[in-house]
Visitor: 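Encoded as structure tokens, here's the structure I'll be asking about.
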Amino acid sequence: MLDNATFDALVAGFYRAATGEIGWDSALDGVQAAFGARAALLQTVDLGSGRMLGLHSGGPGIGEAVLTYTRDYHAIDPRRLHVMAQGPAKFGQPKNSSYPGAASVGGGVGSPIWPTIR
């Protein structure tokens with residue numbers, strides 16, 4: 001479980017990345033470290049075409065794995081295909097959210113960001 005200060009720092013990192021102040025890789029480094037994961041990945045996808053628009057990673061030394069995923073595996077990744085099948089309606093503001101900024105952060109309409117911690 002994350003303490004409040006760590007959680008706040010992660011949220012601040014995502015906000016800074018979403019506004020362009022820092023890169024997504026930097027924001028994801030904090031996520032990777034906070035969870036002690038091998039990596040934290042973030043993918044943007046065009047929901048209309050299914051084309052991957054971007055893949056960002058946090059964590060040390062996974063550049064080759066990200067390259068391999070991008071080059072060979074993303075098109076057949078069963079988790080990615082499952083999320084794509086859910087359609088754009090799944091990526092709006094949560095129904096029970098009172099926070100107006102809770103809608104999906106991404107590269108624009110139809111480009112959700114999917115965080116993955118591994």
Side-chain angles (χ1 to χ4, degrees):
M1 181 137 186
L2 298 177
D3 60 46
N4 288 339
T6 302
F7 178 80
D8 289 348
L10 295 177
V11 171
F14 269 53
Y15 178 81
R16 290 173 63 207
T19 59
E21 184 179 335
I22 64 172
W24 279 108
D25 293 350
S26 295
L28 292 170
D29 283 340
V31 174
Q32 180 270 330
F35 288 94
R38 287 182 289 166
L41 304 172
L42 189 105
Q43 184 177 148
T44 54
V45 174
D46 181 309
L47 291 177
S49 69
R51 197 182 98 203
M52 183 170 57
L53 301 174
L55 180 63
H56 305 279
S57 63
I62 65 162
E64 185 64 32
V66 170
L67 179 60
T68 299
Y69 179 86
T70 303
R71 187 177 42 220
D72 302 323
Y73 187 66
H74 83 278
I76 60 170
D77 182 347
R79 288 178 295 226
R80 181 179 177 276
L81 296 174
H82 172 74
V83 172
M84 290 292 298
Q86 303 306 304
K90 294 284 186 177
F91 298 105
Q93 184 167 332
K95 290 180 183 176
N96 297 327
S97 174
S98 60
Y99 178 62
S104 299
V105 177
V109 175
S111 301
I113 290 180
W114 304 333
T116 304
I117 301 170
R118 293 188 179 163

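Values reported hereafter were calculated over all heavy atoms of this structure, with side chains retained and with hydrogens, waters and symmetry mates removed. This structure is a prediction, so every number in the text was calculated from the model and none was measured.
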Visitor: Could you list the residues that satisfy side chain to side chain contact (heavy atoms under 4.5 Å, CB included) with S26, not counting sequence neighbours?
Guide: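 Partners of S26 under the side chain to side chain contact (heavy atoms under 4.5 Å, CB included) test: I22.
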Visitor: Run the side chain to side chain donor-acceptor pair (under 3.5 Å) test against R51 and tell me which residues pass, sequence neighbours left out.
Guide: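 If we apply the side chain to side chain donor-acceptor pair (under 3.5 Å) test to R51, skipping adjacent residues, there are no hits.
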Visitor: Are F14 and L2 connected in a single hydrophobic cluster, I mean Ile/Leu/Val/Met/Phe/Trp/Tyr linked by side-chain heavy atoms less than 4.5 Å apart?
Guide: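 Hydrophobic grouping puts L2 with F14.
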Visitor: State whether the number of non-hydrogen atoms from other residues, nucleotides or ligands found under 6.0 Å of N4 atom CG is greater than 12.
Guide: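 Count not over threshold, so no.
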Visitor: What residue pairs, at least two apart or across chains, pass salt bridge (charged side-chain N to carboxylate O under 4.0 Å, His left out) with a residue in residues 21-30?
Guide: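 Every pair satisfying salt bridge (charged side-chain N to carboxylate O under 4.0 Å, His left out) with a residue in residues 21-30: R16-E21.
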Visitor: Do Q32 and P60 have side chains that approach each other closer than 4.5 Å (heavy atoms only, starting at C-beta)?
Guide: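 Of all side-chain heavy-atom pairs linking P60 with Q32, at least one is under 4.5 Å.
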Visitor: Testing the basics here: between A34 and L10, what is the closest heavy-atom pair and its distance to 0.1 Å?
Guide: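 Smallest interatomic distance, heavy atoms only, reads CB-CD1, 3.9 Å.
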Visitor: Hey, are the side chains of L55 and L42 touching, using non-hydrogen atoms and a 4.5 Å cut-off?
Guide: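 No, their side chains stay 4.5 Å or more apart.
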Visitor: Just do the side chain to side chain contact (heavy atoms under 4.5 Å, CB included) check on L41 and L28 with the steps written out, would you?
Guide: CA-CA 7 Å; L41 304 172; L28 292 170; 5.9 Å; no
Visitor: Which residues pass the side chain to side chain donor-acceptor pair (under 3.5 Å) test with D3, sequence neighbours left out?
Guide: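 By the side chain to side chain donor-acceptor pair (under 3.5 Å) rule, D3 matches T6.
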Visitor: Treating Ile, Leu, Val, Met, Phe, Trp and Tyr as nodes and any side-chain heavy-atom pair under 4.5 angstrom as an edge, say whether L67 and L53 lie in one connected cluster.
Guide: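 In one cluster: no.
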Visitor: First locate atom CD of Q43, then atom CG of D77, and finally report the distance between them rounded to the nearest 0.5 Å.
Guide: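 Spacing of CD (Q43) from CG (D77) equals 7.0 Å.
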Visitor: Can you see which heavy atom on A27 is nearest to which on A17, and at what distance?
Guide: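 Smallest heavy-atom distance, with atoms named: CB-CB, 3.9 Å.
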